[in-house]
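Hydrogens, waters and symmetry mates are skipped; everything else that's a heavy atom, side chains included, is used. What you are looking at is a predicted structure, and each value in this text was computed from that prediction instead of being measured.
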Amino acid sequence: MTFSVPIKQTHTAYHHQIVPLLATHDHVPVISSNSSLSPLKLQNMNLVHSPSHSLQLPKFISHFQNTPKFYPPKRLTTSNLETIGSNIFSNSTALIPIKAASEGVDTAVVVVEEEEPKLKKIQVFEGHPAPFGATVRDGGVNFAIFSANAVSATLCLISLSDLPEFILFDGVEDPFQFLIIGLLFTLKFTFLWNRKRSFDPRLLSWFKLFCLVVSCLISFSFEGTSNDYFYGHLLMQNRVTEQIFLDPLTNKTGDVWHVLLKGDFKDMLYGYKFDGNFSPEVGLYYDPSKIVLDPYAKSVISRGEFGVLGHDDNRWPQMACMIPTAENKFDWEGDSPLKYPQRDLIIYEMHVRGFTQHESSRTEFPGTYLGVVEKLDHLKDLGVNCIELMPCHEFNELEYYSYNSVLGDYKVNFWGYSTVNYFSPMTRYSSAGTRNCGQDAINEFKLLVREAHKRGIEVFMDVVFNHTAEGNEKGPILSFRGVDNSIYYMLAPKGEFYNYSGCGNTFNCNHPIVRQFILDCLR
């Protein structure tokens, strides 16, 4: 036989409910069976927590002459987000089907522990296939990205603490304090394990962290390794706060994956995971373990300081994209392009960092967009009416980082002709760096353009669309390659990269999606 026990929301920690088996009221479950009715008694009930929901599911342990078997409900979701139209649990009732043998007495006492209802921080909707990128609309943020060959797509929401560059251990200055912390948490969950007499999976996670700390301390103590090396080994790659699986039936239109989210995105970033064939011989490089950048991202967060390696001497730490919000607005003060005739232009070609980085520039913010702003009056006095900025898009200056035996220093990509993302200003050219998830860097660049126009100086940008920083088949999976390699790059019949650019790959400008991408970027 089968019956259902409704769990009613209450404002007390425990709710005792007597369930008459033969009741006929709508709010009380009724047992139905083709055989004769027999009473049933349940006792000694423990509680099992479902990590996906705030409700507690009762685990029934009973004593019968013929011990019945109970089947708790399967987990129906792996996300704690509220999916509109498909949330299995209502705010008031959850139904738990239970199957049992027909021996016992006439009542069942159900003790249910449940938490106070919690507000959902993020709501998930189907979204729209246009425009591409992350766009503020309809009271939320719409995410849309093109990928024709992916079989699945997952939107990853990333907090600053998920990125290696932003994991800080405030108040812990001595590495040996980590040993104490790890030991205390291990003892805590060991206590929980002994009390419950059942295995707690959290114990294994903390035990792994404890072992990692011990191994790092050994390296620190006996090999004379620096604190930076120790901290670097504690950091985790590809950490995410939330993963939202995009349903091909509801979150895909043609070859465009999309979703609309509503909620609080303060200090939140995003990226994507795509799954599909990893077959370089046919030009496919899908790797679901990689978090890739949105080609239309408006800002990319990575290392905060120019020329400085990431944790553990990583040249390519995990990157993530800024989520725009309605509050992030810039006052252009009615600004518009000056549109001088080309014959009248006196152009000053400028490297943003190199222009003011040296102390002889006497700027308050050397090597930054604000540093250029400080020198605009000087340029006007020279008769310059147009500045052409060498690449200011997000690139990795440590792409070819290596020791220079001639000068005794390390090589960096100073010029920037190896773009990671075309829509994002180079954050390490900004005095704000990665502050405010890159929005301050965007506003600082806009400030440069606005102030130049006020002084009658037009602004041109040097953009290279013929190749990207992902290189050939041996290069990293950063964005375009992981989204849809065969669309964004020109490939030979066996999957090799055509290298007409001389930089490892050639952007596939013949494809309409790529042409549209370039036009959108220029706009």
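- With ring centers used as reference points, His393 lies 6.0 Å or more from Phe445.
- Nearest approach of Pro131 to Ala144, heavy atoms of both residues: O-CB, 3.5 Å.
- For an aromatic pair to be called close, the ring centres must be under 6.0 Å apart, and Tyr403 with Tyr410 satisfies this.
- At distances below 3.5 Å, at least one donor-acceptor pair connects side-chain atoms of Glu374 with backbone N or O atoms of Phe365.
- At least one donor-acceptor pair under 3.5 Å links the side chain of Thr506 to the backbone N or O of Tyr498.
- Contact record, His258 with Thr250: CE1-O, 3.7 Å, taken as the closest heavy-atom pair.
- Looking only at distances, a side-chain donor or acceptor of Ser424 sits under 3.5 Å from a matching main-chain atom of Ala297.
- Taking the centre of each ring, Tyr296 and Phe517 come in below the 6.0 Å mark.
- The backbone N or O of Leu163 sits nowhere less than 3.5 Å from a side-chain atom of Arg239 that would complete a donor-acceptor pair.
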Decide side chain to side chain donor-acceptor pair (under 3.5 Å) for Ser418 and Glu399; before the verdict, give the C-alpha distance in whole Å, the side-chain angles of both, and the deciding distance to 0.1 Å. CA-CA 9 Å; Ser418 191; Glu399 180 180 5; 2.7 Å; yes
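- With 3.5 Å as the limit, one finds no donor-acceptor pair spanning the side chains of Tyr401 and Asn396.
- Within 6.0 Å of atom NZ in Lys273, more than 12 heavy atoms from other residues, nucleotides or ligands are found, so the atom counts as buried in its surroundings.
- The shortest heavy-atom contact between Gly371 and Thr356 is O-CG2, 3.5 Å.
- The closest side-chain heavy-atom distance from Ile442 to Lys446 is below 4.5 Å.
- Between the side chain of Asn421 and the backbone N or O of Asp294, at least one donor-acceptor pair lies under 3.5 Å.
- Under the 3.5 Å distance criterion, the side-chain polar atoms of Glu397 are left unmatched by any main-chain donor or acceptor of Phe306.
- Under the 30°/60° scheme for interplanar angles, the aromatic rings of Phe143 and Tyr270 are found to stand perpendicular.
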Only distances under 3.5 Å count here; give the side-chain donor-acceptor pairs of residues 470-491 to other protein atoms, sequence neighbours excluded, each with its distance to 0.1 Å.
residue : atom : partner : partner atom : Å
Glu470  : OE1  : Phe480  : N            : 3.4
Glu470  : OE1  : Arg481  : N            : 2.9
Glu470  : OE1  : Tyr489  : OH           : 2.4
Glu470  : OE2  : Leu478  : N            : 2.9
Glu470  : OE2  : Ser479  : N            : 2.8
Glu470  : OE2  : Arg481  : N            : 3.2
Asn472  : OD1  : Lys474  : N            : 2.9
Ser479  : OG   : Leu293  : O            : 2.9
Arg481  : NH1  : Glu470  : O            : 3.0
Arg481  : NH1  : Asn472  : O            : 3.0
Arg481  : NH1  : Gly475  : O            : 3.0
Arg481  : NH1  : Pro476  : O            : 3.3
Arg481  : NH2  : Glu470  : O            : 3.2
Arg481  : NH2  : Gly471  : O            : 2.6
Arg481  : NH2  : Asn472  : O            : 2.7
Asp484  : OD1  : Asn149  : ND2          : 2.9
Asp484  : OD1  : Ser486  : OG           : 3.2
Asp484  : OD2  : Ala148  : N            : 2.7
Asp484  : OD2  : Asn149  : N            : 3.1
Asp484  : OD2  : Asn149  : ND2          : 3.4
Asn485  : ND2  : Gly283  : O            : 2.9
Ser486  : OG   : Asn149  : ND2          : 3.1
Tyr489  : OH   : Thr468  : OG1          : 2.5

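- Of all the heavy atoms in Glu444 and Ser431, the pair that sits closest is OE1-OG, 2.8 Å.
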